Q: 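To start, I am sharing the structure in question, which I have written as structure tokens.
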Amino acid sequence: MCGIVGYIGPERATDILMEGLTRLEYRGYDSAGVAVYENGKIQVIKARGRLDCLRSKLEGQPLYGHVGIGHTRWATHGEPSDENSHPHLSQSGRIAVVHNGIIENYAPLREKLMRKGYEFVSETDTEVFAHLLEDTFSRGNGDILKAVRDTVLKLEGAYALGVLCSRFPDRIIAARKDSPLIVGLGEGCNYIASDIPAVLPYTRRVYLLEEGEMAQVFADHVEIYDMDLQRVDKEVYEVTWSVDAAERGGYAHFMLKEIYDQARAMRDTISPRVKEGRFNLAEAGLTDEMLEKVRRVVITACGTASYAGQVGRSLIEKLCRVPVEIDVASEFRYRDPILSPEDLFIVVSQSGETADTLAALRLAKARGCKVLAITNVVGSTIAREADNVLYTWAGPEIAVASTKAYTTQVLCFMMIALQLALVKGRITQEKYDEYMKEFLTLPDKAEKILEDVTPIQKLAARFFSQEDIFFIGRGLDNALCMEASLKLKEISYIHSEAMPAGELKHGTIALIEPGRLVVAMCTQTATMDKLFSNIREVLTRGAVVLAVGYEDSTREDEATSYRMAIPRTDDLFAPVLAVIPAQLFAYYCAIQRGYDPDKPRNLAKSVTVE
Ligand code: M6R
């Protein structure tokens with residue numbers, strides 16, 4: 001999604017802005033721009049396309065000023081174009097604005113401004129803010145902070161805003177509501193950014209702006225205000241992860257790095273939660289006393305996070321005999337869901353900023369539910385608004401295609417399910433200990449899968465030119481198929497469908513033709529016979545079957561032509577291992593097809609619009 005960077009200090013602003021925008025590239029964008037105060041006025045340069053297009057323009061027209069704001073835009077209102085790129089100037093050119101989020105009431109505001117004689121050069125909602133701010137400022141007492149505050153109060157929707165005004169070149173103004181924004185604290189210089197990696201080369205000390213907070217960012221100090229323009233005393237947040245952790249570290253792509261980082265991430269998710277042979281989830285409010293009272297669980301999320309939730313549902317229902325309802329957040333929030341304050345309401349989100357998931361969280365809270373967030377990003381909006389948080393501790397996930405976030409989210413559900421089952425007396429202490437012993441081996445087993453990925457590379461080289469690939473499985477394998485299929489389609493652009501294996505014959509089998517690849521997830525012993533009947537159904541119709549199963553199982557070899565193996569584990573834990581070959585298969589298919597897996601078309605890392 002869009003990215004914001006701002007800088008004020010002794011350096012040439014464009015150098016810092018371009019470096020910051022480069023670090024935000026992973027968020028996804030289709031155009032970019034900068035605004036710098038220079039020689040008494042604001043100069044704006046912007047370009048459709050990758051940052052290199054903007055770089056070329058800046059080479060031809062260098063800017064030397066020391067205060068500026070920059071933006072990478074992912075089109076929402078108006079197509080990707082130079083005109084629609086940010087920053088946007090007000091009519092007089094004295095105010096420049098960058099904005100993440102969506103101003104929902106932009107149409108009536110635009111009409112009103114047009115009636116007053118304001119002329120628009122873009123189709124964006126952001127330009128409305130630029131003119132509206134100028135209008136408000138021109139009728140005010142010359143206080144730019146107050147003018148920004150008065151203007152944002154007229155907005156409906158979400159915003160993270162950076163404002164530069166030529167009357168006040170000693171500061172950048174920032175404001176946020178429902179869209180993340182931070183202030184980076186330097187020595188004799190300061191920054192704003194929509195995401196921490198943008199400022200990490202320069203500082204680890206940041207302010208995380210809260211809902212409705214504003215900042216006046218000067219080179220030598222920062223002032224934070226609330227919406228009543230009262231000063232806010234904020235704690236500095238020290239970033240503990242390294243710049244290197246947010247960079248590729250020698251891997252060809254972030255996605256590959258993150259796939260390989262999974263064993264480490266899994267250990268970091270598990271180890272702080274295991275104390276004396278038991279899971280201790282009290283940090284997330286999941287005390288034994290609380291778990292005893294759980295009568296129903298409701299899970300909501302989007303994309304990969306929702307597929308982690310699907311695994312969670314199967315585990316909780318199977319192990320705990322507690323009913324679980326799950327829905328994608330974009331549907332959940334609009335279907336007037338039946339919720340009760342007694343429900344354990346779980347939202348799952350890597351970024352902690354996904355607009356639909358956040359809205360579902362707010363809906364649940366409004367209905368009196370206590371919300372538990374499973375998230376990766378400390379200080380994210382979802383983390384801050386949830387009643388309790390179970391952090392995945394996966395480390396920064398940069399690639400658009402989620403990998404280590406999924407495995408660690410699934411581990412969180414496994415810990416919750418096992419603890420809930422024990423507390424509710426659904427499993428004996430002996431069985432719990434047995435599960436725990438096996439659970440603790442999962443990071444090592446993940447590492448083993450990653451020791452030699454050549455067979456998976458070869459399979460991708462064999463199948464990358466397929467036009468459709470089907471994923472089939474039963475039970476937990478079915479939940480896993482959805483994630484495997486999404487991974488493949490989002491980065492390789494191969495059309496793919498995930499299908500409960502028994503459901504194939506009710507329609508989709510019509511698409512099976514000679515040579516079509518069907519990936520069969522084969523980790524669930526209880527339904528294995530049934531699954532093999534379904535495998536035979538597609539084999540009979542000429543499909544090629546690639547099985548994902550345990551390395552010590554010979555059954556797949558009898559019926560299927562190709563296989564990807566994982567170490568043996570309890571069937572309940574298999575999704576966390578079996579997803580890894582599926583991620584690698586998707587990654588290598590994308591490479592074979594000549595695509596950049598880190599920058600899939602039309603996608604953004606953090607979807608902060610509905
Ligand atoms: O940050 P979130 O986990 O809330 O994001 C949810 C989805 O947008 C995300 O999982 C998306 O589906 C990924 N592209 C999947 O790889």
Side-chain angles (χ1 to χ4, degrees), residues 1 26-28 74 178-180 194-195 253-256 258-259 262 265 299-312 326-333 346-362 371-386 389-410 412-413 479-493 496 498 579-580 582-587 589-590 595-610:
M1 200 97 330
Y26 68 90
R27 292 174 67 97
W74 188 76
D178 293 339
S179 198
S194 52
D195 217 354
H253 296 97
F254 280 115
M255 183 180 174
L256 191 62
E258 288 158 11
I259 291 173
Q262 285 181 110
I299 302 170
T300 191
C302 299
T304 288
S306 78
Y307 298 144
Q310 293 280 0
V311 174
I326 177 164
D327 203 352
V328 288
S330 54
E331 286 299 313
F332 176 84
R333 53 185 294 209
I346 306 180
V347 292
V348 193
S349 174
Q350 186 286 131
S351 62
E353 301 294 348
T354 299
D356 283 317
T357 311
L358 180 59
L361 174 158
R362 288 176 179 161
V371 176
L372 169 68
I374 296 178
T375 188
N376 192 33
V377 181
V378 179
S380 60
T381 311
I382 286 177
R384 279 182 280 159
E385 293 199 13
V389 184
L390 190 57
Y391 284 109
T392 48
W393 300 129
E397 190 181 70
I398 307 293
V400 171
S402 193
T403 53
K404 60 181 180 172
Y406 172 85
T407 38
T408 53
Q409 286 160 358
V410 170
C412 287
F413 276 114
L480 171 64
C481 282
M482 296 186 222
E483 171 56 9
S485 169
L486 176 69
K487 214 77 319 164
L488 182 73
K489 66 186 140 195
E490 71 179 325
I491 56 165
S492 75
Y493 317 146
S496 164
V579 76
I580 298 174
Q583 294 166 345
L584 287 161
F585 182 72
Y587 173 81
C589 279
Y595 299 126
D596 179 347
D598 283 347
K599 296 186 184 107
R601 67 185 179 206
N602 306 336
L603 294 179
K605 179 64 181 164
S606 178
V607 185
T608 51
V609 293
E610 296 171 24

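Just so you know, ligand 1 is whichever comes first in the structure, and atom 1 is the first atom listed for that ligand. The structure displayed is predicted, hence computed values, not measured ones.
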Q: Does Phe585 have any ring-ring contact (aromatic ring centres under 6.0 Å, His included) partners at least two apart in sequence or in another chain, and if so, which?
A: none

Q: At less than 3.5 Å, what protein N or O atoms come close to the N or O atoms of ligand 1? Include the distances to 0.1 Å.
A:
unit_1   : atom_1 : unit_2 : atom_2 : d
ligand 1 : 1 (O)  : Ser351 : N      : 2.8
ligand 1 : 1 (O)  : Ser351 : OG     : 2.6
ligand 1 : 1 (O)  : Thr354 : OG1    : 3.4
ligand 1 : 3 (O)  : Gln350 : N      : 2.6
ligand 1 : 4 (O)  : Ser349 : OG     : 2.6
ligand 1 : 4 (O)  : Thr354 : OG1    : 2.4
ligand 1 : 5 (O)  : Thr354 : OG1    : 3.4
ligand 1 : 10 (O) : Thr304 : N      : 3.1
ligand 1 : 12 (O) : Thr304 : N      : 3.3
ligand 1 : 14 (N) : Val400 : O      : 3.2
ligand 1 : 14 (N) : Glu490 : OE1    : 2.8
ligand 1 : 16 (O) : Thr304 : OG1    : 3.4
ligand 1 : 16 (O) : Ser402 : N      : 2.8
ligand 1 : 16 (O) : Lys487 : NZ     : 2.9
ligand 1 : 16 (O) : Glu490 : OE1    : 3.2
ligand 1 : 16 (O) : Glu490 : OE2    : 2.5

Q: Any salt bridge linking Arg362 with Glu385? Criterion: basic side-chain nitrogen under 4.0 Å from a carboxylate oxygen.
A: yes

Q: Give a yes or no answer on whether the side chain of Gln262 reaches the backbone of Ile259 with a donor-acceptor pair at less than 3.5 Å.
A: yes

Q: Just jot down the side-chain contact (heavy atoms from CB on, under 4.5 Å) partners of Ala401, sequence neighbours excluded, or say none.
A: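 Counting only residues at least two positions away or on another chain, Ala401 forms a side-chain contact (heavy atoms from CB on, under 4.5 Å) with Met255, Lys487, Glu490, Ile491.
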
Q: I'd like to check the salt bridge (Lys or Arg N to Asp or Glu O under 4.0 Å) partners of Arg601; sequence neighbours left out, ordered by chain and number.
A: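 Once residues adjacent in sequence are excluded, Arg601 has no partner under the salt bridge (Lys or Arg N to Asp or Glu O under 4.0 Å) criterion.
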
Q: Distance-only, no hydrogens or angles: does the Thr375 side chain make a donor-acceptor pair with backbone N or O of Ser349 under 3.5 Å?
A: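 Side chain of Thr375 to backbone of Ser349: a pair is present.
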
